Protein chains: 2
Amino acid sequence: MDTNEKRIATIFKAFCDENRIHVLKLLIAGEKCACDLLDEIKITQPTLSHHMKILCDAEIVIPRKEGKWTYYSLNPDGVEKAKRLLSEITQLQHQPTQN
Amino acid sequence: MDTNEKRIATIFKAFCDENRIHVLKLLIAGEKCACDLLDEIKITQPTLSHHMKILCDAEIVIPRKEGKWTYYSLNPDGVEKAKRLLSEITQLQHQPTQN
DNA sequence: ACAACGCATAGAAGAATGTCAATATATTTT
DNA sequence: AAAATATATTGACATTCTTCTATGCGTTGT
């Protein structure tokens, strides 16, 4: 049993919770601090912090500390990696993002 | 809180377990019956059945019954849908598969 | 008809995950 | 220096998920 598959599963866990999906959708509009996200999602601050850690550990989101705030944004590299992995495990050809 | 996000999360749960990743990789080679998969993965038959149900419910895999066998294969439409959703929630442009 | 085979389902146990209240830490403001 | 603010961490609890054994159900072969 390849540990590689466990690694892949861990990355996709970023997308397995409705609150994390919600966060990602909010981050599409651009970088936001935790308190901004907290205004829009019906969870407590520690719960949000927990989800942000999972998103950051999966490298789907990048944190940036500035003073007492932490700003979060989508991580293009991590997102690209997730898309590549999804292509790999489903055998459909991967199309690199054209920007 | 949009129930839509829960739906998306459910689809990505297909990719959140190492055994399911393993199954998907095996199915890249083409349609396989449950007993074939069982030969290659170190889990019991009911556990495999459980995982196949999750993959089928997420529409990532399609079952085909033939006699006493059930053959499984990747579902191109479901896979494409998952890729599109991943693009949507991460704002990176989706590239339709060219085949 | 009966036994064997392939897979699904039920139910239980343990592990992992999501959630919260309480608290800690770091920064800014007064 | 003290209070206020923003976020992280801890610890507890509930829910969900993974896995197993036991069993059921449909199909095939004798």
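These numbers come from a predicted model, not from an experiment. Chain naming here is simple, since letters A, B, ... match the order of the sequence lines and numbering starts at 1 in each.
- Using cut-offs of 30° and 60° for the angle between ring planes, the A:Phe12 and B:Phe15 rings count as tilted.
- B:Leu27 is listed as a side-chain neighbour of B:Leu37, based on a closest heavy-atom distance under 4.5 Å.
- Computed from coordinates, the B:Tyr71 OH to D:dT27 C1' distance equals 13 Å when rounded to whole Å.
- The CG atom of A:Leu48 sits 15 Å away from the P atom of C:dA21 (whole-angstrom rounding).
- When each of B:Ile62, B:Val23, B:Leu24 is tested with B:Leu74 by the rule side chain to side chain contact (heavy atoms under 4.5 Å, CB included), just one qualifies, namely B:Leu24.
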For nucleotides 26-30 of chain C, which of its nitrogen or oxygen atoms have a protein nitrogen or oxygen under 3.5 Å away, and what is each distance?
none

request  = For nucleotides 14-25 of chain D, just jot down a letter per nucleotide in 5' to 3' order: B, S or -, based on protein non-hydrogen atoms under 4.0 Å.
outcome  = ---SBBBBB---
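- In this structure a side-chain-to-backbone donor-acceptor pair under 3.5 Å is present from A:Arg20 to A:Ala14.
- Here D:dA6 presents its C1' atom at 13 Å from CG of A:Leu37, a figure rounded to the nearest Å.
- The interatomic distance linking B:Asp36 (CG) with C:dC7 (C1') rounds to 13 Å, in whole Å.
- What separates CE of A:Met52 from P of C:dT19 is a distance of 14 Å, to the nearest Å.
- For the pair B:Ile8/B:Glu88, no side-chain contact is recorded, criterion being any heavy-atom separation below 4.5 Å from C-beta on.
- If you measure from atom CD1 of A:Ile41 to atom P of D:dT7, you get 13 Å, rounded to the nearest angstrom.
- For the pair A:His22 NE2 and C:dG18 P, the computed distance is 17 Å after rounding to whole Å.
- A salt bridge does not link A:Lys81 with A:Asp77: none of the charged nitrogens is closer than 4.0 Å to a carboxylate oxygen.
- Looking at heavy atoms from C-beta onward, B:Ile43 lies in side-chain contact with B:His51 at the 4.5 angstrom threshold.
- At distances below 3.5 Å, not a single donor-acceptor pair connects side-chain atoms of A:Arg64 with backbone N or O atoms of A:Ser73.
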